[in-house]
Amino acid sequence: SWQINENLVTPKELFEKNTVHTINEIITKSGERIICEWFSSILPQTKNNPKEVDSLAIDITEAKKSEAARLKESKKYESLLKASGDGIHIIDNDGNLVEFNESFCEMLGYSSDEMKGLHAKDWDLRWRPLNFVGDLLQNFEMKPTFESKNKCKNGQIIDVEINAVKVEIDGQEMLLCASRDITDRKKSQEELKKYATLMQASGDGVHVIDVDGNLVEANESFCKMLGYSYEEAKQLKVKDWDAKWTPEESIGHIPQLIGMNSTFETMHKRKDGRIIDVEINSVGVEIGGKPTLFCAARDITNRKKIELE
């Protein structure tokens, strides 16, 4: 037995058209459902004989399943493109932009229509005229993840981190890239480098403490001032070196200094037990929503002795 699911054709229509092409689902003797592509035509009629139909059926069940799977993957691919916050784009071996998502458009400041027809050299400042995919290692001196600089439509230069892999599309090798704007991250890294340089270059004992009195960071001068190694100093609290105040007082003063610049004198106790006079310049700020105290300590023990004389 068999049943028609698509393109239902009546015998009358068949005889009127002479040839018919249909795709139908049929049920075999074993009960299996298969999809067939039918090519039917009317045979030449002989005298006194009824009209006859010649039909060729091709089982296209697997082809239909493959097509359905391809459509499913295509929809999944489109969903991933839309959902990704990274600038997803595909470029061919000549550097032509083949496909892209909305995030990539927004990153570079182009509309979707403007992006069509762009070449990698239009936005990537490190691009060189080589075979983009074939000579990729030379082009970027890259690892799977590398950094580059992109030029936006408005001329702004941004730093980007790119993950790139070779893919084959319609028999051609192409490059699938995911770009992420890391301009702010690079600026933060530069600021941290400046901060680290200033910390280590300063002759004062620069140190950072939180509101609980924990030592968050310290430079080499502060460690030498107290006679500790850096690893030892990182385990300390302000109460471990401040000799002027009680442990409760030394920690209790910290919140009062947040949000202001202060200069004051106190006494520090070194690892060997010796007491030294120090002058502190402090500034209280919030970092990541947490109150933090930046301090620069200077040993004024000799100055205090001279003043007493």
Side-chain angles (χ1 to χ4, degrees), residues 66-200 217 287-290:
S66 297
E67 182 181 356
R70 183 185 63 78
L71 288 173
K72 183 178 179 181
E73 287 300 313
S74 178
K75 288 181 179 179
K76 186 189 298 182
Y77 165 72
E78 290 177 3
S79 297
L80 288 172
L81 272 181
K82 291 179 180 178
S84 177
D86 290 339
I88 307 295
H89 55 289
I90 299 174
I91 45 184
D92 65 18
N93 201 31
D94 295 319
N96 298 306
L97 185 62
V98 177
E99 186 61 80
F100 52 87
N101 68 351
E102 186 63 29
S103 294
F104 193 54
C105 297
E106 292 176 357
M107 183 184 298
L108 298 182
Y110 290 95
S111 68
S112 181
D113 288 336
E114 291 172 329
M115 288 292 286
K116 295 173 183 176
L118 288 186
H119 187 280
K121 69 177 185 296
D122 296 322
W123 72 80
D124 199 296
L125 298 183
R126 292 185 60 189
W127 179 85
R128 287 180 250 166
L130 303 169
N131 288 329
F132 208 81
V133 180
D135 297 327
L136 187 63
L137 292 177
Q138 290 176 264
N139 206 339
F140 282 111
E141 301 169 356
M142 61 161 286
K143 297 177 181 178
T145 300
F146 59 99
E147 293 181 7
S148 187
K149 289 184 178 293
N150 283 181
K151 182 179 179 181
C152 300
K153 179 185 176 181
N154 63 4
Q156 179 188 359
I157 307 300
I158 60 173
D159 293 289
V160 293
E161 181 181 76
I162 302 173
N163 287 289
V165 292
K166 291 181 181 180
V167 294
E168 187 173 307
I169 300 176
D170 297 330
Q172 295 185 42
E173 273 198 332
M174 297 190 183
L175 202 64
L176 173 62
C177 304
S179 296
R180 180 171 296 178
D181 186 345
I182 58 169
T183 306
D184 291 339
R185 189 174 85 188
K186 295 285 283 187
K187 287 180 180 178
S188 296
Q189 289 174 345
E190 290 301 316
E191 290 300 317
L192 286 174
K193 285 181 182 178
K194 291 178 185 178
Y195 165 71
T197 301
L198 289 172
M199 283 276 289
Q200 297 308 321
E217 189 55 82
I287 299 179
K290 296 181 179 180

(request) Report yes if some heavy atom in the side chain of Phe100 is under 4.5 Å from a heavy atom in the side chain of Tyr110; otherwise report no. (result) no

(message) Strictly distance-based, threshold 3.5 Å: is any side-chain N or O of Asp86 a donor or acceptor partner for the main-chain N or O of Ile88?
(response) no

(message) Once rounded to the nearest 0.5 Å, what's the spacing between atom CD of Glu106 and atom OG of Ser111?
(response) 11.5 Å

(request) Looking only at non-hydrogen atoms, find the nearest pair between Cys105 and Ser112 and report the distance. (result) SG-CA, 4.0 Å

(message) Below 30° counts as parallel, above 60° as perpendicular, anything between as tilted: where do the rings of His89 and Trp123 land?
(response) perpendicular

(request) May I ask you to decide if Asn163's main-chain N or O and Arg180's side chain share a donor-acceptor pair within less than 3.5 Å? (result) no

(request) Working to the nearest 0.5 Å, report the span between CG of Asp94 and CG of Asp92. (result) 5.0 Å

(message) Return the CG to CG distance between Asn150 and Leu125, rounded to the nearest 0.5 Å.
(response) 7.0 Å

(message) Any heavy-atom pair between the side chains of Glu99 and Met174 that's under 4.5 Å?
(response) no

(message) Rounded to the nearest 0.5 Å, what separates atom OG in Ser179 from atom CG in Asp124?
(response) 8.0 Å

(message) Pairing donors with acceptors under 3.5 angstrom, does anything connect the side chains of Asp181 and Thr183?
(response) yes

(request) Working to the nearest 0.5 Å, report the span between CG of Leu118 and CG of Leu108. (result) 8.0 Å

(request) Measure the spacing between CD of Glu190 and NZ of Lys193 and express it to the nearest 0.5 Å. (result) 4.5 Å

(message) In the structure I gave you, are the side-chain heavy atoms of Asp184 and Asp159 within less than 4.5 Å of one another anywhere?
(response) no

(message) Can you confirm whether Glu161 sits close enough to Thr145 that some side-chain heavy atom of one is under 4.5 Å from a side-chain heavy atom of the other?
(response) yes

(request) Among Asp122, Leu97, Asn101, find the one that has a side-chain contact (heavy atoms from CB on, under 4.5 Å) with Met115. (result) Leu97

(message) Quick check: do Val160 and Met107 have side-chain heavy atoms less than 4.5 Å from each other?
(response) yes

